[in-house]
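These numbers come from a predicted model, not from an experiment. Chain letters run A, B, ... following the sequence lines, proteins first, then strands; residues in each count from 1.
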Amino acid sequence: MPELPEVETIVRGLERRVAGDTIESVWIGSRKQPLKSPAATIAATLEGKRVARVHRAGKHIVFDLQAPTTNSRKPAASKNGSAQWIVHLGMTGRMVVCEPAAEIEKHTHLIAKLASGRELRFVDPRMFGKLSIHREGFDPGGVEPLEVSEENFVQLFRGRKTPIKSALLNQKLLRGVGNIYADESLFRAGIRPRRRAAAVTRQEFSKLHRSVREVLREAIALGGSSVSDYVDADGEEGFFQLEHRVYGREGEPCRVCGTAIRRVVLAGRSSHYCPQCQK
DNA sequence: ATACCGACCTGTCAGC
DNA sequence: TGCTGACAGGTCGGTA
């Protein structure tokens, strides 16, 4: 489901709705698949903590947790009291903020009861999502596409023999770009997905750097892409799917030149491009 | 290093 | 109506 713009939209919604709230108790389902840390560790870490901030690192949602402030001054409290809850939504994961009375959806794997009376739920049918706990300073590696300079961007890919699209999807290089935004960025930059990164010119990299950031910014502004079932923390759909120029448009006319959009499989993923506009 | 493939899961949709 | 196969926003590990 979620790439950088979708996760960013969800994070903004969560920050607005649960930051400052306190997690009173946690229920975790019996499925082990979504858990990267043991259920007992997750539950024990979340319970009693205040959600100080919700932010994003690549496609990961990061909840900064802190122990509630007390009157007593314990030197160790601030150190032991902080932790991070990391949520990766995989393909179909969703974070839902709702009233306790709301029906518990199938594939609900975690429910956190909040002091405000609401609940924060993690729902994920395919269970490719992952929940984990980190002490502090979580870093998934890679650089943020919206922060990287053109120089550093070029350095990431220079000389690699891998197809440029595979490189864009490599989260250890650039974090947050997934299948949709890789295809859309390459279209705007006029580069075919199979081109070797090493064969991309400096000028094309410059264009790609701009395209990636432009596509991500526009997508965030429209609340992400709702292709099948994506909704944000408020249950709202995004609208960037209406702006897709190649993704999911196999056989349809290119919006620029009218040529039929092609689909090929690259690294096991559907890849869409215009054979006329992209070289 | 790199690239391809299956595995991990469930759901949906097109075609017969 | 129901079966089958292809496909889905992601990542990991194995193998050549």
Atom-to-atom span, CG of A/L168 to P of C/dG10 - whole angstrom:
12 Å

Check for a donor-acceptor pair, side chain of A/D183 on one end and backbone N or O of A/Y247 on the other, with a separation under 3.5 Å.
no

If only side-chain N and O atoms of A/K130 are considered, is one of them under 4.0 Å from the OP1 or OP2 phosphate oxygen of C/dC12?
no

Is the shortest side-chain N to carboxylate O distance from A/E99 to A/R121 below 4.0 Å?
no

On DNA chain B, check which nucleotide each of A/G268 and A/R160 is closest to and give me the residue with the more 5' one.
A/R160

What orientation do A/H107 and A/H109 show, parallel under 30°, tilted 30 to 60°, or perpendicular over 60°?
tilted

Name all stems that contain residues of DNA chain B, defined as runs of 3 or more consecutive Watson-Crick or G-U wobble pairs, both distances under 3.5 Å.
B:2-8 with C:10-16, B:10-16 with C:2-8

Quick check: are there more than 12 heavy atoms from other residues, nucleotides or ligands sitting under 6.0 Å from NZ of A/K32?
no

So, A/S116 versus A/D21: side-chain donor-acceptor pair below 3.5 Å or not?
yes

Take atom CD1 of A/I220 and atom P of C/dG9, then tell me their distance rounded to the nearest Å.
19 Å

Classify the nucleic acid contact of A/R194 as base, sugar-phosphate or nothing, counting any heavy atom under 4.0 Å across all strands shown.
nothing

Looking for any heavy atom pair under 4.0 Å, which part of the strands does A/K172 touch: base, sugar-phosphate only, or nothing?
nothing

Spacing of A/H60 atom NE2 relative to C/dT11 atom C1', expressed in whole Å
10 Å

Using modelled atom types and a 3.5 Å cut-off, is there a donor and acceptor pairing between side-chain atoms of A/S226 and backbone atoms of A/G224?
no

Between C/dG5 and B/dG6, how far apart are the two P atoms, rounded to whole Å?
15 Å

For A/Y181, answer base if it contacts any base atom (sugar-phosphate contacts may also be present), sugar-phosphate if it contacts only those atoms, and nothing otherwise; contact means non-hydrogen atoms under 4.0 Å.
nothing

From CG of A/L131 over to P of C/dT11, roughly how many Å is that when rounded to an integer?
15 Å

Run the ring-centre check on A/F240 versus A/H244 and record whether the distance is less than 6.0 Å.
yes

So which protein N/O to nucleotides 7-9 of chain B N/O distances come out below 3.5 Å?
unit_1	atom_1	unit_2	atom_2	d
B/dC8	O3'	A/Q33	OE1	3.3
B/dC8	O3'	A/Q33	NE2	3.2
B/dC9	OP1	A/Q33	OE1	2.3
B/dC9	O2	A/R126	NE	2.9
B/dC9	N3	A/R126	NH2	3.4

NZ/NE/NH1/NH2 to OD/OE distance under 4.0 Å, A/E8 and A/R12
yes

d(CG, A/D124; P, B/dT10) in whole Å:
11 Å

Value in whole Å for how far the C1' atom of C/dG10 lies from NZ of A/K36:
12 Å

Check this one for me: any side-chain N or O of A/R269 less than 4.0 Å away from OP1 or OP2 of C/dC7?
no

Evaluate whether atom CZ of A/R217 has more than 12 neighbouring non-hydrogen atoms of other residues, nucleotides or ligands under 6.0 angstrom away.
yes

Does the side chain of A/Q171 get closer than 4.0 angstrom to OP1 or OP2 of C/dG10 through an N or O atom?
no

Taking the P atom in each of C/dT1 and B/dT10, what is the distance between them to the nearest angstrom?
26 Å

For the P atoms, the ones on C/dG9 and on B/dT2, what distance do you get once it is rounded to whole angstrom?
24 Å

Return the 5'-most residue of the pair A/H272, A/K59 with respect to DNA chain C, ranking by each residue's nearest nucleotide.
A/H272

Rounded distance in Å - CD1 (A/I61) to C1' (C/dG9)
13 Å

Under 4.0 angstrom between A/T162 side-chain N/O and B/dT2 OP1 or OP2
no

Report yes if at least one side-chain N or O of A/R175 is closer than 4.0 Å to OP1 or OP2 of C/dG10; otherwise report no.
no

A quick test of your reading: do over 12 heavy atoms of other residues, nucleotides or ligands sit less than 6.0 Å from CZ of A/R262?
no

Worked verdict on A/R175 versus A/E144 for salt bridge (charged side-chain N to carboxylate O under 4.0 Å, His left out)
CA-CA 6 Å; A/R175 66 193 199 200; A/E144 284 290 332; 2.8 Å; yes

Separation of atom CD in A/E250 from atom C1' in C/dA8, rounded to whole Å
14 Å

Phosphate-side-chain proximity, A/H107 and B/dT10, N/O vs OP1/OP2 below 4.0 Å
no

So which nucleotide from C/dA8, C/dT11, B/dA3 ends up closest to the side chain of A/S270?
C/dA8

Say you pick atom C1' in C/dG10 and the same atom in B/dA1; how far apart are they, in whole Å?
22 Å

